> 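Before I ask anything, let me first share the structure, which is written out below as structure tokens.
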Amino acid sequence: MIHNKETIPQQPAPKGTIGPIAWLRGNLFNGPINSIFTLLGLYVLYLLVVPTVQWAFIDADWIGDSREDCSRVGACWVFVNARFSQFMYGLYPSEEYWRANIVFAMFAGIIAWMVIPRLPFKRWMALFALLIFPVISYVLLHGGYFDLPRVSTHRWGGLMLTLLLATVGMVGALPIGIVLALGRRSNMPIVKTFCVIFIEFWRGVPLITILFMASVMLPLFLPSELSVDRLVRALIGLTLFQSAYMAEVIRGGLQAIPKGQDEAAAALGMTYWKRMGLIVMPQALKMMIPGIVNTFISLFKDTTLVMIIGLFDLLGIVQAALSDSRWLGFSIEGYVFAAFVFWIFCFSMSRYSQYLERKLNTGHKQ
Amino acid sequence: MTQAATNNASELMVEMRNVNKWYGDFHVLRDIYLEVKRGERIVVCGPSGSGKSTLIRCINHLEEHQKGEIVVGGIPLTQDVKRIEQIRRSVGMVFQHFNLFPHLSVLENCCIAPMWVQKKPRKEAEALAMEYLERVRIAEQATKYPGQLSGGQQQRVAIARSLCMHPDVMLFDEPTSALDPEMIKEVLDVMVELAEEGMTMICVTHEMGFAKKVADRVIFMDQGQIIEENAPEPFFNNPQSERTQLFLSQILGH
């Protein structure tokens with residue numbers, strides 16, 4: 001028979017099993033084979049990192065205004081420097097850059113406001129961002145009002161265009177995707193059939209085809225007085241394409257919510273839209289954050305495809321600059337710069353999504 | 001019993017007449033007749049798959065019956081969504097797996113329906129929620145999330161959440177079946193109190209102690225039919241049908 005009279009007090013873990021040295025010993029140097037692999041790995045890392053740093057920073061040339069300023073040993077960032085404003089604004093007239101800058105600043109301000117948890121009036125900010133900011137941006141960027149000279153959309157480009165395409169695509173694709181996902185789960189046969197056909201059509205066609213159709217085919221079918229701006233057509237194509245993907249991500253999340261949640265809400269007398277909006281969607285969206293951000297990131301990178309219909313997004317304008325005869329042979333620098341900018345945006349989205357996941361985690365599921 | 005309940009003692013809260021339901025070819029409910037008066041406590045028992053859950057889920061239209069008539073609080077249940085929602089507002093339901101909303105705190109779980117369905121202001125809804133959380137003795141956990149509570153605590157919150165809508169009838173669908181043994185009592189205690197206050201209740205449960213203590217009638221179901229219906233004392237001491245005898249011997253025999 002066992003009879004413990006006293007509770008054993010809590011004791012610290014033995015020394016040597018915690019701390020960084022124990023971690024090293026336990027994970028990297030536990031046994032001769034693993035030690036060899038660790039050292040080998042470090043050597044490969046050394047072979048890769050040192051020349052890269054050498055090329056990109058130590059031997060690189062930063063200042064100057066023509067190719068003669070570059071030693072050609074390391075990277076020639078002079079090229080990026082000289083073309084920087086084009087990379088940002090495309091062919092936007094340089095005396096009107098201030099207009100784009102105001103929009104950039106407001107955009108950054110809105111993002112910061114929404115992302116920093118301490119700041120108040122989030123709801124009003126979101127309303128402003130969705131309703132008023134687009135109008136202000138359009139008036140500023142496009143002009144034609146308040147004595148602002150018109151800048152037609154074919155001169156918009158660079159990072160400005162990339163951000164515009166990505167933001168409109170994301171803001172548009174999420175709600176359309178939610179509606180399509182709910183429609184696909186609906187009991188109403190007509191709604192359901194429509195949503196299934198819509199999703200399967202847009203998902204089954206390559207984005208390039210859609211952009212081509214939008215820019216080349218559509219004008220052939222539409223009457224000439226009904227000409228829609230090329231950028232608008234690209235935006236619509238991109239948004240509908242991504243909303244089909246978004247719909248499937250959201251449908252996946254909806255399926256993971258136990259049926260009991262909807263039943264409990266229904267038993268309390270909630271209408272369909274309240275059940276979805278208050279109970280099912282908030283839970284589903286939380287679970288779908290990785291999937292949604294994944295779609296957003298792929299959308300962000302897909303915007304580069306507008307190149308083929310003659311819109312110059314960041315990558316497009318970099319490529320155009322590479323064919324400039326004064327700057328031939330700097331394609332590595334150009335592409336590295338474009339990749340770096342894309343990476344910054346995508347990585348930020350990824351980090352923010354991880355932060356959101358942690359913040360919204362309210363404990364275990366039932 | 002409250003004054004109002006006594007006055008309306010003969011008022012029918014739930015009427016089911018000739019109710020039939022099928023899942024595909026499978027006949028789950030067969031010619032169900034059931035009348036529940038205001039203030040009555042009904043316990044429904046029977047082997048698993050006998051249709052007892054389906055029966056009470058038909059009352060608030062979580063399941064749809066294909067034949068027969070259901071009237072709840074004088075309102076006939078039809079396909080009309082508005083009418084279904086009206087009935088659901090006056091019928092509370094407690095589920096086997098609690099079905100609390102995991103993304104909302106305990107307090108918000110209780111407030112959400114009064115605020116969004118009955119359009120009560122937040123303050124009023126919160127006061128009401130605290131009152132009922134107090135009643136089920138869990139007010140001190142109001143700011144926690146359901147995932148942080150034990151099963152018994154969650155089920156008591158679920159009961160409070162239903163009560164916040166001031167229902168005329170409470171439906172309990174095996175409320176203690178998913179609980180660890182030491183938590184069953186705390187939930188049953190709350191249910192007994194509720195019964196003593198005069199709440200109209202229909203409980204699907206295998207807790208025969210509870211049935212003996214509070215039920216006005218015990219209903220035994222098997223294969224989608226009501227086999228036997230009686231006051232608890234004769235039901236347990238002198239069951240008429242062989243199937244009831246067999247069932248009782250199985251659940252009371254150890």
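Note: hydrogens, waters and symmetry copies are ignored here, and every other heavy atom, side chains too, is used. Reminder, nothing fancy here: chain letters follow the sequence lines and each chain counts from 1. Given the structure is predicted, the values throughout are model-derived calculations rather than measurements.
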> Answer yes or no: does atom NZ of A:K301 have more than 12 heavy-atom neighbours from other residues, nucleotides or ligands under 6.0 Å?
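No - once you tally the heavy atoms of other residues, nucleotides and ligands closer than 6.0 Å, there are 12 at most.
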> Which heavy atom of B:E85 sits nearest a heavy atom of A:M270, and at what distance?
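The answer is OE2-O, 4.1 Å.
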> Is it the case that over 12 heavy atoms from other parts of the model lie below 6.0 angstrom from the CG atom of A:L131?
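Yes, the 6.0 Å shell around CG holds more than 12 heavy atoms from other groups.
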> Drop me the distance from A:K274's NZ to B:I112's CD1, to the nearest 0.5 angstrom.
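Reported to 0.5 Å precision, the distance equals 10.5 Å.
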> How many angstroms lie between NE2 in B:H103 and CD1 in A:I279, if you round to the nearest 0.5 Å?
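Reported to 0.5 Å precision, the distance equals 4.5 Å.
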> Where is the tightest heavy-atom contact between A:G269 and B:V117, given as atom of each residue plus distance?
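Looking at all heavy atoms of both residues, the shortest contact is O-CG1, 3.8 Å.
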> Using 0.5 Å steps for rounding, measure from the CZ atom of A:R275 to the CH2 atom of B:W116.
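Going from CZ on A:R275 over to CH2 on B:W116, the span is 15.5 Å.
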> Take atom NZ in A:K122; do more than 12 heavy atoms of anything else shown fall under 6.0 Å from it?
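Counting neighbours around NZ of A:K122, more than 12 heavy atoms of other residues, nucleotides or ligands fall under 6.0 Å, so yes.
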> Roughly how far apart are A:K259 NZ and B:L62 CG, rounded to 0.5 Å?
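That separation rounds to 8.0 Å.
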> Taking every non-hydrogen pair under 4.5 Å, which of B:R88, B:Q86, B:R57, B:K82 racks up the most with chain A?
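Greatest number of close heavy-atom pairs with chain A: B:R88.
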> Contact between B:H97 and A:P258 at the side-chain level, heavy atoms closer than 4.5 Å - yes or no?
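Side chain of B:H97 against side chain of A:P258, heavy atoms only: no contact under 4.5 Å found.
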> Start with the C-alpha distance between B:M93 and A:E263, add both sets of side-chain angles, then the distance that settles side-chain contact (heavy atoms from CB on, under 4.5 Å), and finish with yes or no.
CA-CA 10 Å; B:M93 187 160 200; A:E263 286 179 351; over 6 Å; no
> To the nearest 0.5 Å, what is the distance between SG on B:C164 and CG on A:L268?
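The CG atom of A:L268 is 9.5 Å from SG of B:C164, to the nearest 0.5 Å.
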> Measure distances from B:R161 to the heavy atoms of chain A and classify the residue's part below 4.5 Å as side chain, backbone, both or neither.
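Contact with chain A is through both the backbone and side chain of B:R161.
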> Can you see which heavy atom on A:A264 is nearest to which on B:F101, and at what distance?
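Shortest heavy-atom separation between A:A264 and B:F101 comes out as CB-CE2, 4.0 Å.
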> Where the side chain of B:N99 meets the backbone of A:G260, is there a donor-acceptor pair that is under 3.5 Å apart?
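Yes: the side chain of B:N99 pairs with the backbone of A:G260.
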> Could you work out, with side chain to side chain contact (heavy atoms under 4.5 Å, CB included) as the rule, every residue matching B:W22, not counting sequence neighbours?
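Partners of B:W22 under the side chain to side chain contact (heavy atoms under 4.5 Å, CB included) test: B:N20, B:H27, B:Q66, B:K67.
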> Tell me whether A:F121 at atom CZ has more than 12 heavy atoms from other residues, nucleotides or ligands lying less than 6.0 Å away.
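Atom CZ in A:F121 is not packed in, count stays at 12 or less.
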> Considering residues at least two apart in sequence or located in another chain, which fulfil the salt bridge (Lys or Arg N to Asp or Glu O under 4.0 Å) criterion with B:R122?
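With sequence neighbours excluded, B:R122 shows a salt bridge (Lys or Arg N to Asp or Glu O under 4.0 Å) to B:E126, given in chain and number order.
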